[in-house]
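For reference, the structure is listed below as structure tokens.
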Amino acid sequence: MIAGLRLIGLVLLGTLAGPALGTGDRETEAGRTLYGRYCATCHGMQGAGDGPTSEIISIAPTDLAGLSAAQGGVFPLERVVRRIDGRDALIAHGSPMPIYGAFFEGERRVEIETPEGMLEVSPPVLAIARYLEMIQGE
């Protein structure tokens, strides 16, 4: 399991390295891959909250494809990043995403601008957030 996480981390870092970091198709594709592996089991591949385990958990997963619609057409990037990386804990996730631990934290951080101000984030978390931003309204 740990070796698998290391391999994913190396693949992700290789995918995100270079001038397109923070933007573009490589980042959203990396986000799609990470989302499929870590999030889709509950939230579903389209983010509708209908993943295969959604029926057996006690708290219904959020419709992640409808986040912008619920916020008047604005994607809540900072809130999404903070939920994924555990800074804003969710009871349904058992507080910070315990299954992913240090992989999502990472040592490397990038700084992004949000409507709320500058925010440091690890590349895997940013990639998932950018993927979620891409699937809004699907």
Is it true that a side-chain atom of T114 and a backbone atom of E116 form a donor plus acceptor pair closer than 3.5 Å? yes
Would the distance check show the side chain of Q136 and the main-chain N or O of L67 forming a donor-acceptor pair, the cut-off being under 3.5 Å? yes
For the pair T41 (side chain) and R37 (backbone), establish whether a donor and an acceptor sit closer than 3.5 Å, ignoring hydrogens and angles. no
Start with the C-alpha distance between R26 and E29, add both sets of side-chain angles, then the distance that settles salt bridge (charged side-chain N to carboxylate O under 4.0 Å, His left out), and finish with yes or no. CA-CA 5 Å; R26 290 188 297 172; E29 191 54 41; over 6 Å; no
So which atom in V81 and which in A129 form the shortest heavy-atom distance, rounded to 0.1 Å? CG2-CB, 3.9 Å
Quick one, D85 and S122 - any side-chain contact, counting heavy atoms below 4.5 Å? no
Check: Y38 side chain, T33 main-chain N or O, donor-acceptor pair, under 3.5 Å: no
Side-chain contact, heavy-atom cut-off 4.5 Å: P123 with R108? yes
Test your reading of the model: is there a side-chain donor-acceptor pair from H43 to the backbone of T62, 3.5 Å cut-off? yes
Mind checking the CD-CG spacing from E133 to L64? Nearest 0.5 Å is all I need. 13.5 Å
Is the closest side-chain heavy-atom distance between S54 and P61 below 4.5 Å? yes
For L126 and I112, the nearest pair of non-hydrogen atoms, with its separation, is CD2-CG2, 3.8 Å
Is any side-chain heavy atom of Y131 less than 4.5 Å from a side-chain heavy atom of L34? no
What pair of heavy atoms forms the shortest contact from G44 to D50, and how long is it? CA-OD1, 3.6 Å
Without swapping roles, check the side chain of E111 against the backbone of E120 for a donor-acceptor pair under 3.5 Å. no
Check: R82 and L119 side chains under 4.5 Å, non-hydrogen atoms: yes
Shortest non-hydrogen contact from C42 to T53? SG-OG1, 3.3 Å
Under the salt bridge (Lys or Arg N to Asp or Glu O under 4.0 Å) rule, collect the residues that match up with E113, sequence neighbours excluded. none
Check the pair R32, I128 against side chain to side chain contact (heavy atoms under 4.5 Å, CB included), reporting the backbone distance first and the verdict last. CA-CA 7 Å; R32 178 191 318 272; I128 294 170; over 6 Å; no
Pairwise distance CD(E27) to CE(M134) - rounded to 0.5 angstrom: 11.0 Å
